[in-house]
Amino acid sequence: EGPQWGESQDCLLDDLQVILQGAPAPPQRKHFEDEEEDEEVDHIEGPIWFRVLHTRIRVRKHPDEKAAPVESLQQGEIVEAAEVMKGWANLAKSEREARDISEDCGAWALVDGSSLNMGILMEQYTPRWFEVVFEPRIAIRKSATQIAPAVEWMDKGEVFEVAAVRHGWVALSARERKKRDISKDCGSWVLINAKGLGRLIKVCPPPTAPKIEEEAIFAEP
């Protein structure tokens with residue numbers, strides 16, 4: 001049996017934090033990396049990140065190669081998709097806003113252009129660094145579900161390193177777990193978006209080394 005309400009003040013606070021973080025996560029969809037193993041999978045929920053491999057690819061109004069182009073992506077760009085449907089990536093709201101694509105206009109990019117003799121246009125990419133943008137803090141949970149217990153907390157503005165992105169969650173890297181004294185046999189998952197709360201974390205550049213460390217690195221022997 002699970003813990004009962006009222007057992008202790010700590011229990012009440014923990015239950016309250018779960019409620020504030022939103023309802024339990026919906027059933028997880030198959031991850032994009034597994035799509036090739038199951039041809040029936042035609043819709044994968046994000047967020048999912050891609051790196052553009054082709055010199056330039058078109059962002060189109062609809063997931064159709066004949067649809068009107070609304071923007072272009074350049075080789076090397078990292079873009080976030082809200083979903084992938086039948087081989088087309090639907091750009092996330094943040095990407096649309098950054099590219100001045102209106103809400104009533106679609107923003108779809110083809111992932112695999114083999115049918116057009118163009119090969120793979122974008123490859124799945126795992127961002128390494130994230131920043132907490134939700135105030136005042138967010139939970140690091142034992143497993144990738146909002147009803148899992150919190151093993152640690154991170155305040156707004158903290159930058160952390162991840163090892164994987166799965167089903168709307170990120171897993172902390174081994175170095176990050178060690179830094180926060182989270183044991184190897186304990187999960188360390190952070191939710192990317194929370195229902196009713198919006199974005200909790202965002203991709204960011206790697207943190208800069210503290211001034212003292214920089215001086216030590218560049219100091220003459």
Engineer: Have Gln75 and His54 got a donor and an acceptor in their side chains that come within less than 3.5 Å?
Structural biologist: no
Engineer: What residues form a ring-ring contact (aromatic ring centres under 6.0 Å, His included) with Trp49, not counting sequence neighbours?
Structural biologist: Phe130
Engineer: Kindly indicate, with the supporting measurements, whether the criterion salt bridge (Lys or Arg N to Asp or Glu O under 4.0 Å) is fulfilled by Arg128 and Glu161.
Structural biologist: CA-CA 6 Å; Arg128 182 178 174 185; Glu161 184 182 25; 2.6 Å; yes
Engineer: So how far is it from Thr126 OG1 to Ile48 CD1, rounded to the nearest 0.5 Å?
Structural biologist: 10.5 Å
Engineer: Looking at CZ of Arg177 and CD1 of Ile140, how far apart are the two atoms once the value is rounded to the nearest 0.5 Å?
Structural biologist: 10.0 Å
Engineer: Cationic tip of Arg141 within the cone over Trp189's six-membered ring, i.e. under 6.0 Å and within 45° of the normal?
Structural biologist: no
Engineer: Can you tell me how far the CG atom of Leu73 sits from the CG atom of Leu53, to the nearest 0.5 Å?
Structural biologist: 11.5 Å
Engineer: Applying side-chain contact (heavy atoms from CB on, under 4.5 Å) between Asp64 and each of Lys66, Lys61, Arg60, report the one that passes.
Structural biologist: Lys66
Engineer: Is there a side-chain contact between Val79 and Val59, using heavy atoms and a 4.5 Å cut-off?
Structural biologist: no
Engineer: To the nearest 0.5 Å, tell me how far Phe50 CZ sits from Glu80 CD.
Structural biologist: 11.0 Å
Engineer: Please determine whether the number of non-hydrogen atoms from other residues, nucleotides or ligands lying under 6.0 Å from atom CZ of Arg199 exceeds 12.
Structural biologist: yes
Engineer: What do you reckon, is CD of Glu103 surrounded by more than 12 foreign heavy atoms closer than 6.0 Å?
Structural biologist: no
Engineer: Would you call Glu77 and Arg99 a salt bridge, using N to O less than 4.0 angstrom?
Structural biologist: yes
Engineer: Rounded to the nearest 0.5 Å, what separation is found between the NZ atom of Lys86 and the CH2 atom of Trp108?
Structural biologist: 10.5 Å
Engineer: Nearest heavy-atom pair of Arg96 and Gly106: which atoms, and what distance?
Structural biologist: NH1-C, 3.8 Å
